[in-house]
There are 2 protein chains.
Amino acid sequence: MRADDRPEATRDRLLDAAGAEFAEHGFRHATVREICRRAGANVAAVNYHFRDKESLYEAVVTRAHRYAVDKFPPGLGLGADPTPEQRLGAFVRAMFLRMFDEGRPAWQGKLMAREMFEPTRALAILVNDIIKPQHLELMSIVRALMPGAGEAALRLAVNSVIGQVLHYHHARAVTALLQPAAQYGAEDIERLAGHVTRFSLAGIRDMAGGGG
Amino acid sequence: MRADDRPEATRDRLLDAAGAEFAEHGFRHATVREICRRAGANVAAVNYHFRDKESLYEAVVTRAHRYAVDKFPPGLGLGADPTPEQRLGAFVRAMFLRMFDEGRPAWQGKLMAREMFEPTRALAILVNDIIKPQHLELMSIVRALMPGAGEAALRLAVNSVIGQVLHYHHARAVTALLQPAAQYGAEDIERLAGHVTRFSLAGIRDMAGGGG
DNA sequence: AACCGATTCAAACGGCAGTTTAGAGTGATG
DNA sequence: CATCACTCTAAACTGCCGTTTGAATCGGTT
């Protein structure tokens with residue numbers, strides 16, 4: 001049977017397997033051999049279909065980006081003419097969903113979180129294609145909540161929001177040791193998103209009112 | 001000249017070099033060869049003075065902990081009978097200082113941040129010796145600010161504070177690309193600590209007032 | 001001087017990872 | 001049927017890493 005006849009061509013299976021491995025272990029720790037094993041392909045498959053491990057990684061990153069944009073469009077459950085508060089809530093919720101969704105390719109959030117901590121050459125791609133647009137969107141949301149605030153204050157507020165969300169991903173190993181009972185199911189994600197949104201709104205309003 | 005006569009014995013030089021390498025590259029990426037090169041020692045030195053790479057890592061972790069406790073004691077510039085707000089401010093400031101201080105062994109904060117993201121076997125040590133005491137201290141601070149709140153609410157507030165602080169360490173590569181101008185000098189750290197403290201106080205007060 | 005324990009050293013070992021290579025299979029094309 | 005491009009495969013190559021080994025060095029002790 002030729003590869004094209006199979007339900008999934010080898011190239012696609014490699015992208016799937018690589019996405020899972022890269023998201024779980026990072027670029028360096030993920031091994032080409034394990035990726036090929038998961039994809040049911042030969043060790044040389046990566047070098048044949050993609051030039052090398054790094055090019056495969058870039059392909060995974062851009063693919064995850066396209067998928068994430070499809071699955072979590074910017075609007076994301078917002079009605080027409082939403083308030084800034086609603087936009088912030090939707091933004092935070094979407095970030096949580098991207099990071100904790102265990103669906104098929106849920107790598108986008110995990111890859112992004114990992115690149116932040118352990119950058120590779122693909123970081124420039126990620127920043128330009130994914131992070132910068134989201135950063136600008138969150139900046140505009142916060143700007144609407146803090147009219148008249150300077151750029152520096154906006155950045156501080158944005159970092160506070162992002163930091164809270166990413167922490168639940170970064171620190172999950174520690175959390176598992178500190179609070180063994182805690183598990184992140186679907187409703188917990190909604191609870192966390194609600195908390196971060198309210199907490200951040202209070203902080204932002206304080207910044208807007210206090211005059212900095 | 002015998003090793004004991006040198007200003008620094010080989011064992012100590014190894015600990016210094018290993019601390020820097022581990023903090024910068026993490027346990028797996030740091031190489032024994034580079035550590036020994038920095039320490040001016042033979043490749044076999046690690047296996048002679050410590051049993052293996054992992055034992056060296058544990059020694060570095062516990063050493064960094066002792067140093068951090070000495071340099072940043074829990075009180076840290078607080079007067080007698082401080083308010084909860086002052087305690088929170090001191091706590092946040094101490095975390096920032098530990099992470100950004102470039103002094104001799106400033107690894108404690110960096111190692112901790114790294115272990116959170118990429119745990120090793122030493123994570124249990126770190127959690128018990130370093131993270132859990134700090135976690136409990138922050139819990140008590142937040143408890144004083146949110147009297148009557150449940151454990152779950154306290155944990156959410158604690159996570160929000162920690163997440164904001166750690167974000168400035170985790171995301172520094174991305175920040176460098178998004179805001180090339182931003183640099184973290186001594187006064188910037190004070191500014192960041194002040195922001196996170198105020199932002200968090202507003203969020204915590206909102207949680208305490210809103211009734212959750 | 002002879003010996004000893006501690007330390008240092010160069011060299012090698014074994015394993016794993018990314019990549020390359022040479023060849024075999026396969027469907028389409030003439 | 002011969003040819004060709006594409007795909008896949010087993011095996012080897014190269015380099016790095018942690019560790020081990022056996023000898024050399026050196027101060028102190030008898």
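Chain letters run A, B, ... following the sequence lines, proteins first, then strands; residues in each count from 1.
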Starting from [atom2] on [N], measure out to [atom1] on [X] and report it in whole angstrom.
{"X": "A/Arg37", "N": "C/dG18", "atom1": "CZ", "atom2": "P", "result": "14 Å"}
{"X": "B/Leu14", "N": "D/dT19", "atom1": "CG", "atom2": "P", "result": "13 Å"}
{"X": "B/His49", "N": "C/dC9", "atom1": "NE2", "atom2": "C1'", "result": "12 Å"}
{"X": "B/Asp12", "N": "C/dT7", "atom1": "CG", "atom2": "P", "result": "12 Å"}
{"X": "A/Ile35", "N": "C/dA17", "atom1": "CD1", "atom2": "C1'", "result": "12 Å"}
{"X": "B/Phe27", "N": "D/dC17", "atom1": "CZ", "atom2": "P", "result": "14 Å"}
{"X": "B/Arg28", "N": "D/dC17", "atom1": "CZ", "atom2": "C1'", "result": "14 Å"}
{"X": "B/Asn47", "N": "D/dT19", "atom1": "CG", "atom2": "C1'", "result": "5 Å"}

### Task
With side chain to side chain contact (heavy atoms under 4.5 Å, CB included) as the test, would you mind laying out the steps for A/His167 and B/His167 before giving the verdict?
CA-CA 7 Å; A/His167 179 62; B/His167 178 62; over 6 Å; no
### Task
Would you list the pairs meeting salt bridge (charged side-chain N to carboxylate O under 4.0 Å, His left out) in which at least one residue belongs to residues 32-50 of chain B, sequence neighbours left out?
B/Glu21-B/Arg38, B/Glu34-B/Arg37
### Query
Which pairs, with at least one residue in residues 121-135 of chain A and sequence neighbours excluded, count as a salt bridge (charged side-chain N to carboxylate O under 4.0 Å, His left out)?
A/Glu54-A/Arg121
### Message
Just N and O in the side chain of B/Thr10: are any of them under 4.0 Å from OP1 or OP2 of C/dT8?
### Response
yes
### Task
State which residues pass side-chain contact (heavy atoms from CB on, under 4.5 Å) with A/Pro82; sequence neighbours excluded, sorted by chain then number.
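For A/Pro82, the residues satisfying side-chain contact (heavy atoms from CB on, under 4.5 Å) (neighbours in sequence not counted) are A/Leu78, A/Gln86, A/Arg87.
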### Task
Kindly state which residues belonging to residues 50-58 of chain B come within less than 4.0 angstrom of DNA chain D, counting heavy atoms of the residue only, listed by number.
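B/Asp52, B/Lys53 - these, ordered by number, are the residues of the stretch whose heavy atoms sit under 4.0 Å from the strand.
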Short heteroatom pairs, N/O only, protein and nucleotides 10-13 of chain D, under 3.5 Å:
from   : atom 1 : to      : atom 2 : distance (Å)
D/dA10 : N7     : A/Asn42 : ND2    : 3.2

Work out which heavy atom in [X] is nearest to a heavy atom in [Y]; give both atom names and the distance.
{"X": "B/Ala173", "Y": "A/Leu123", "answer": "CB-CD2, 4.1 Å"}
{"X": "B/Pro84", "Y": "B/Ile141", "answer": "O-CG2, 3.7 Å"}
{"X": "B/Arg13", "Y": "B/Gly40", "answer": "NH2-O, 3.6 Å"}

### Query
Nearest to the side chain of B/Thr31, which nucleotide is it out of D/dT19, C/dG18, D/dG18?
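Selected nucleotide (nearest to the side chain): D/dG18.
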### Query
Heavy atoms, side chains only, cut-off 4.5 Å: are A/Leu138 and A/Leu88 in contact?
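They are in side-chain contact.
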### Five-pair end axes of the helix from C/dA1-D/dT30 to C/dG30-D/dC1 and the angle they enclose, rounded to 10°
30°
### Task
Calculate, to the nearest 0.5 Å, the distance between atoms CZ and CG belonging to B/Phe100 and B/Leu192 respectively.
7.0 Å
### Task
For side chain to side chain contact (heavy atoms under 4.5 Å, CB included), just list the numbers for A/Gln164 and B/Asn159, CA-CA rounded to whole Å, side-chain angles, deciding distance to a tenth of an Å, and then say yes or no.
CA-CA 7 Å; A/Gln164 288 179 76; B/Asn159 283 335; over 6 Å; no
### N-O pairing of A/Glu151 and A/Arg143 below 4.0 Å
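A/Arg143 and A/Glu151: salt-bridged.
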